[in-house]
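What follows is one structure encoded as structure tokens, with my remarks underneath.
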Amino acid sequence: MDYKQQIADILSEKTGLDRENILKLVEIPPKQDMGDYAFPCFVLAKTLHKAPPVIASEIAPAIDVTGTPFKVKNVGPYINFFIDRSALASDVVGRIVAEGDDYGSSETGAGKNVIVEYSSPNIAKPFHVGHAFTTILGNSLSRIYRKLGYNVIRMNHLGDYGTQFGKLITAYRLWGDEEALNKDPIGELLRIYVKFHQEEKKDPSLTTSARENFRKLEEGCPEEVELWQKFRDMSLVVFNQLYRRLGVEFDNYNGESFYSDKIPEIVDILNEKGLLVESEGAKVVMLDDEGLPPCIILKSDNTTIYASRDLASALYRYRTYNFDKNIYVVGGTQALHFKQVFAVLKKAGFDFADNCEHVAFGLVKFKGMTFSTREGNIVLLEDLLDEAVSKTREIIVRNAEERGQDMSEEEINDISEKLGIGAVIYTYVKSGRERDIVFTWEDMLDFNGDTAPYLIYTYARTRSILRKASDSGITGIENADLTVLTGDDEYALIRALSELPESIVKAASSNEPFMIARQISEIARAHNRFYNNSNILNCDDEKLKTARLALCDAVCTAIREGLDLLGINVVERM
RNA sequence: GAUUGCGUAGCUCAGCAGGAUAGAGCGACCGCCUCCUAAGCGGUAGGUCGGAGGUUCGAAUCCUCUCGCGAUCGCCA
């Protein structure tokens with residue numbers, strides 16, 4: 001049973017406050033020696049007409065702790081609860097060893113569908129370090145929701161439509177090189193796209209041509225559609241290589257084009273409800289009463305725009321999946337757009353609008369400059385991954401030499417790849433998602449401190465101990481007497497382990513994977529302290545040794561599981 | 001200008017349905033490998049939580065104002 005619940009029961013009886021109220025007030029003290037939970041007595045001061053410290057000093061000694069794992073002590077205005085270390089150790093470590101990778105999972109989402117839209121790159125454009133944010137965040141969120149029992153539908157809403165394709169078709173006909181396209185599709189498409197924007201400044205007829213080509217594409221003209229299909233297919237091959245490398249998967253690649261033929265229905269619905277009005281030549285839905293600017297549904301040339309596509313896709317998704325939650329992992333620069341889309345849905349009477357959520361994230365900047373595809377000043381994600389992997393490789397080779405480890409070339413490559421990519425992923429999920437990431441090579445390639453390599457290192461080193469234990473015939477770890485794990489370092493570590501499930505729940509409710517990152521980071525730090533100050537394999541006391549090995553096993557499970565939720569792989573040695 | 005987000009240690013960030021002496025990592029300085037992987041561990045230095053008011057027994061956290069930075073604001077996505 002939950003310790004907090006027990007405390008609420010006890011306090012409810014003593015104070016007369018209801019359990020819900022108490023649960024909200026009970027907090028975790030700032031320091032370990034202050035106990036595990038604390039109840040602040042300020043709220044009782046008014047009703048009891050006594051000073052909080054007096055109240056605490058009266059209630060604390062009156063609490064009967066027989067039959068509970070607690071010790072109670074009043075400190076100033078607080079009633080502090082100390083969980084018996086032996087009980088906590090058996091409970092937490094025992095559970096992790098028994099549950100294994102299921103530790104922290106739950107069934108709260110059983111039978112519920114959650115749609116996570118993420119990555120959604122634009123076809124024909126390079127995948128730069130900015131696109132990595134949505135890809136990594138969405139992947140992590142998908143894993144977190146799945147862990148909590150939800151049925152997750154991962155959607156890659158490809159940017160495979162829009163006037164940009166008009167531009168590309170125009171540009172390709174003027175300057176395209178088929179050979180170059182086959183060799184390096186994205187590179188060639190980027191070249192002509194950048195050229196288009198340069199030339200467009202001098203020659204406005206290009207803009208007209210591009211717009212005309214997009215119109216033809218939308219009307220289904222064969223030549224335009226064929227070119228578009230070619231660009232799309234070639235781009236996807238390239239993207240999929242990157243996804244495979246990142247361990248990112250999707251259930252669905254329905255891009256904007258997929259929803260194109262579903263837009264007329266949305267337009268009709270809006271029309272019927274009298275929401276669609278003409279304004280400056282375009283068809284819009286006014287949102288003044290929401291305090292929002294008008295939402296454009298059809299442009300003055302009668303072509304669609306992204307808002308209309310997002311409306312159509314939301315309706316389609318609701319009909320297809322009857323989602324409990326529909327999450328858009330899209331940059332914060334589009335906050336207004338999503339507010340408008342959700343507001344239009346609501347106005348049209350679609351109550352599922354309330355279950356749609358824009359999960360925003362910050363900008364990725366480089367030396368204070370924003371990346372711009374048009375201007376070509378970007379860092380490709382692939383280049384970042386390669387740099388991280390090769391830097392990692394150097395370190396591994398050097399360490400293996402120093403440690404006298406015998407590693408095959410394949411193993412070195414495998415470890416470098418996992419660590420390097422893990423390091424990159426971790427930098428995206430270690431902070432709150434709405435923070436901008438200021439990109440510097442120095443920071444990105446620093447693998448000390450709070451980084452994935454640190455966490456994986458902690459894991460690998462601990463796995464090494466468990467291997468050695470197994471090799472030397474030590475058994476009974478799963479049945480160890482865990483009550484002996486009462487040292488300060490052990491206790492701090494166990495407490496950190498105990499908080500992992502709650503951090504997963506919080507990560508989901510706030511759509512913030514960093515909460516898990518922080519928790520496993522704290523576990524790793526606590527464990528390294530323990531590792532440094534205590535003997536595990538060299539422990540004289542056999543009983544304690546077995547218990548510590550069980551603790552090591554629990555730590556490995558927690559770190560592996562936590563990293564997995566972030567989309568990062570561990571290695572067994574490094 | 002309007003809307004919105006942000007401003008916490010030299011740097012990068014936690015903490016913010018108010019609560020105990022504001023925490024990590026990096027960097028700096030000083031230590032720790034005859035011992036389970038030193039990508040590790042310990043210690044020291046470093047903060048008037050952008051500023052000013054207010055609410056409160058109590059404010060980094062809530063309210064108002066203000067300064068600074070970013071994003072967004074109808075036919076790109």
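Each chain gets a letter, A, B and so on, in the order its sequence line appears, and its residues count up from 1. Computation of the quantities below employed the complete heavy-atom set of this structure, encompassing side-chain atoms and omitting hydrogens, waters and symmetry-equivalent molecules.
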Requested in this report: Ignoring backbone atoms, establish whether A:Arg461 has a side-chain N or O less than 4.0 Å from OP1 or OP2 of B:rA39.
Outcome: no
Query raised in the report: Does A:Ser279 get its side chain close enough to the base of B:rG74, under 3.5 Å, for a donor-acceptor pair?
Result: yes
Query - B:rC36 base / A:Ser464 side chain donor-acceptor hit below 3.5 Å - result: no
**Report entry** Pair assignment for B:rG68, Watson-Crick or G-U wobble, requiring both distances under 3.5 Å
**Finding:** B:rC6
Requested in this report: Have a look at A:Asp310 and say if it touches a base, only the backbone sugar-phosphate, or nothing, with a 4.0 Å heavy-atom cut-off.
Outcome: nothing
Query raised in the report: Within the structure, does a side-chain N or O atom of A:Arg309 lie under 4.0 Å from either OP1 or OP2 of B:rA77?
Result: yes
Requested in this report: Measure from the side chain of A:Pro294, starting at C-beta and using heavy atoms only, and say which of B:rU37, B:rA39, B:rG74 lies closest.
Outcome: B:rG74
Query - N or O in side chain of A:Tyr454 less than 4.0 angstrom from B:rC41 OP1/OP2 - result: yes
Query raised in the report: Is there a side-chain contact between A:Asn413 and A:Arg393 (heavy atoms, below 4.5 Å)?
Result: yes
Query raised in the report: Is A:Tyr161 near enough to B:rA77 that one of its side-chain N or O atoms lies under 4.0 angstrom from OP1 or OP2?
Result: no
Query raised in the report: Quick one: is A:Lys299 getting a side-chain N or O under 4.0 Å of the B:rC76 phosphate, OP1 or OP2?
Result: yes
**Report entry** side-chain N/O A:Arg433 vs B:rC13 OP1/OP2, d < 4.0 Å
**Finding:** no
Report task. When you get a sec, tell me which of B:rA14, B:rA20, B:rU37 is the closest nucleotide to the side chain of A:Met34? Result -> B:rA20
Query - Audit row: A:Arg215, A:Asp301, salt bridge (charged side-chain N to carboxylate O under 4.0 Å, His left out) steps and yes/no - result: CA-CA 9 Å; A:Arg215 196 187 52 75; A:Asp301 63 357; over 6 Å; no
Query raised in the report: So which nucleotide from B:rC41, B:rC36, B:rA14 ends up closest to the side chain of A:Asn533?
Result: B:rC41
**Report entry** Proximity to the side chain of A:Pro453 - top-ranked nucleotide from B:rG15, B:rA39, B:rG74
**Finding:** B:rA39
Report task. Fit a plane to each ring of A:His527 and A:Tyr531, take the angle between them on a 0 to 90° scale, and name the class: parallel (under 30°), tilted (30 to 60°) or perpendicular (over 60°). Result -> tilted
**Report entry** A:Val43 or A:Ile395, whichever maps to the more 5' nucleotide of RNA chain B
**Finding:** A:Val43
Query - Touch class at under 4.0 angstrom, heavy-atom based, for A:Tyr531 against every strand present - result: base
**Report entry** Shortest side-chain distance from A:Arg573, nucleotide among B:rC57, B:rU37, B:rC13
**Finding:** B:rU37
Query raised in the report: Between B:rC76 and A:Arg211, is there an OP1 or OP2 to side-chain N/O distance shorter than 4.0 Å?
Result: yes
Requested in this report: Determine: side-chain N/O of A:Arg525 to OP1/OP2 of B:rC41, distance under 4.0 Å, yes or no.
Outcome: no
Report summary line: Side-chain contact check for A:Asn122: nearest option of B:rG25, B:rG74, B:rA77 is B:rA77
Query raised in the report: Hey, is the side chain of A:Asn528 poking within less than 4.0 Å of OP1 or OP2 on B:rC41, counting only N and O atoms?
Result: yes
Query raised in the report: Of the candidate nucleotides B:rA20, B:rU21, B:rC36, which contains the atom at the shortest distance from the side chain of A:Ala38?
Result: B:rA20
Requested in this report: Would you indicate whether the side-chain heavy atoms of A:Ile186 and A:Lys125 approach each other to under 4.5 Å?
Outcome: no
Query raised in the report: Within the structure, does a side-chain N or O atom of A:Lys430 lie under 4.0 Å from either OP1 or OP2 of B:rA24?
Result: no
Query raised in the report: Which base sits across from B:rA24 as a Watson-Crick or G-U pair, both distances under 3.5 Å?
Result: B:rU12
Report task. Return yes if the base of B:rA38 and the side-chain atoms of A:Asn448 contain a donor-acceptor N/O pair under 3.5 Å, otherwise no. Result -> no
Requested in this report: Assign the ring pair A:Phe133 / A:Tyr428 to parallel, tilted or perpendicular, where the plane angle (0 to 90°) is split at 30° and 60°.
Outcome: perpendicular
Report summary line: pair_partner(B:rU48), Watson-Crick or wobble, both distances < 3.5 Å, evaluates to none
Report summary line: Winner on side-chain proximity to A:Leu363, out of B:rA20, B:rG70, B:rC41, is B:rG70
Requested in this report: Kindly say if A:Arg398 contacts the phosphate of B:rA38, meaning a side-chain N or O under 4.0 Å from OP1 or OP2.
Outcome: no
Requested in this report: Pick base, sugar-phosphate or nothing for A:Ala51, based on heavy-atom distances below 4.0 Å to the nucleic acid.
Outcome: nothing
Requested in this report: Would you please say whether a donor-acceptor pair under 3.5 Å links the side chains of A:Glu572 and A:Tyr459?
Outcome: yes
Query raised in the report: Given B:rA14, B:rA38, B:rA20, which nucleotide is nearest the side-chain atoms of A:Tyr457?
Result: B:rA38
Query raised in the report: Quantified in whole Å, what is the C1' atom distance between nucleotide B:rU8 and nucleotide B:rA60?
Result: 7 Å
Query raised in the report: Does a distance-only test, which skips hydrogens and angles, find a donor-acceptor pair under 3.5 Å between the side chain of A:Asp436 and the base of B:rA71?
Result: no
Report task. Please work out if A:Arg529 contacts a base, only the sugar-phosphate, or nothing of the nucleic acid, heavy-atom cut-off 4.0 Å. Result -> sugar-phosphate
Query - Donor-acceptor pair under 3.5 Å, A:Tyr306 side chain vs B:rA77 base - result: yes
